[in-house]
Amino acid sequence: VAILHLNLGLVLAARGEFAEAKMEIQRAAKLDPKNTDSMTALAKIAAREGRSEESIGLFRQVLTLEPDSYLAHLNLGISLVDHLEEDEALEQFNLSVKLNPQSAPAHYNLGRLLLDERKTEASIPELESACTLDPSHSDAFYLLAIAKRQAGDISRSLELVQRSIQLVPEQPRALYLLGQDLSSMGREDEAIVAWKRAAEIDPKSTEVLYKLTQVLREKDPSEATKYAAQLKAKLAEKQATSEADTLGNLALAAAERHEYTQAIEQLNKALQVCGECKEKGTLKKDLGLIEARSGNVSDAAITLREAAALIPSDPDIGSALTIVTRQLREQK
């Protein structure tokens, strides 16, 4: 019976229905408390929802039951990285590689962390192992390309990033790196093609827009002007997002002091500043939750529905909507 609840929970989690998935997996865990698959699934859901401390605690429980599991060490290491505990994460990744030298994910995560810590030379053999063990691992080829470029081997970096793009063509970051390598080798026209493709896939990339603005200034001034205008618009949007974030944080602090009127005013102002910025869904969610806390369940229901349309997978919005909908029915 436990396995049925676990399997149902995994299916729900794969569909992004984390609240329902958690309930099923918790039932499985109660029926079979020593089942590490249930603990692992709950830990991964906690990580996906940003509860890294809970995730780390669950993965530690798994390790007490399976101390020689390379996968348990790997999962714990990934959660530790999310919690910015890189030193212990490095230990866990090293243990994972030691326990299973044939694991591409173990080598990849170790190499990625070493590269993040600017230990380029140490990262290269780990990333090379990941590429050898899993020739379809596009991210491993991309990171190895970065490492080789940092080590001064531009021609090898070019080969590797081309392989990464061959595996997954729609990669703005890899196309940007491809352009850098081509430009470093004097192949500027090809570099421009790569950067233009990156801008088509990710028109919000200020890095790519800036590069195109600079490189096209003499080659094609009209195109340079076009990219410069896009860059200016994106920088203005980022500034708006930053201002909206600040107002949103002030509103949350006011709500903590139970100053709901002030908090609601600040969040409405944040939404005006934000416009269609990437934080709109989060701001709507916070506004709806605070309206509910203030007792204005009618406005809260409207705002939370708008937030749900923007962030359909957020479990907090769904739970809050259920509560305010019930309260509205009770008021009638």
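Computed from heavy atoms alone, side chains included, the values below leave out hydrogens, waters and symmetry copies.
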Distance from [X] atom [atom1] to [Y] atom [atom2], nearest 0.5 Å?
X    : Y    : atom1 : atom2 : result
I78  : I56  : CD1   : CD1   : 12.0 Å
I264 : D286 : CD1   : CG    : 12.0 Å
T322 : I317 : OG1   : CD1   : 11.5 Å
Q166 : S136 : CD    : OG    : 12.0 Å
L271 : E276 : CG    : CD    : 10.0 Å
K196 : K211 : NZ    : NZ    : 15.5 Å

How close do [X] and [Y] get, heavy atom to heavy atom, and via which atoms?
X    : Y    : result
S184 : I154 : CB-CG2, 4.0 Å
A89  : G77  : CB-O, 3.5 Å
I201 : P172 : CG2-CG, 3.5 Å
V324 : A292 : CG1-CB, 3.8 Å
A43  : S55  : O-OG, 3.0 Å
A308 : L321 : CB-CD1, 4.2 Å

side-chain contact (heavy atoms from CB on, under 4.5 Å), that's the test. Do V161 and F141 meet it? Break it down for me.
CA-CA 6 Å; V161 77; F141 282 98; over 6 Å; no

Is it the case that over 12 heavy atoms from other parts of the model lie below 6.0 angstrom from the [atom1] atom of [X]?
X    : atom1 : result
K234 : NZ    : yes
K285 : NZ    : yes
Q239 : CD    : no

Please say yes or no: joined through hydrophobic side-chain contacts below 4.5 Å, possibly via intermediate residues, are [X] and [Y] part of one cluster?
X    : Y    : answer
L144 : L158 : yes
I192 : Y227 : yes
L71  : L95  : no
Y176 : V215 : yes
I302 : Y260 : no

Keeping [X] on the side-chain end and [Y] on the backbone end, is there a donor-acceptor pair under 3.5 Å?
X    : Y    : value
T64  : Q61  : yes
D134 : A130 : no
S164 : L160 : no
E88  : E85  : no
H73  : D68  : no
S157 : D153 : no
S96  : F93  : no
S183 : G179 : no
N249 : D245 : yes

Side chain proximity check, [X] to [Y], heavy atoms < 4.5 angstrom:
X    : Y    : answer
E159 : K148 : no
D32  : S38  : no
L115 : E126 : no
Y142 : I146 : yes
L235 : L231 : yes
S298 : L328 : yes
L175 : E200 : no
L177 : Q180 : yes

The side chain to side chain donor-acceptor pair (under 3.5 Å) partners of K284 (sequence neighbours excluded) come to E306

Run the side-chain contact (heavy atoms from CB on, under 4.5 Å) check on D139 and R173 step by step: do they pass?
CA-CA 11 Å; D139 287 345; R173 61 176 189 171; 2.7 Å; yes

Please list, chain by chain and in numerical order, all residues satisfying side chain to side chain contact (heavy atoms under 4.5 Å, CB included) with K119, sequence neighbours excluded.
L90, L114, E117, A122

Suppose we screen for salt bridge (charged side-chain N to carboxylate O under 4.0 Å, His left out). Which residues come up paired with R112, at least two apart in sequence or across chains?
none

Between N94 and K98, does a side-chain contact (heavy atoms from CB on, under 4.5 Å) hold up when you go through it step by step?
CA-CA 6 Å; N94 273 307; K98 185 177 179 181; over 6 Å; no

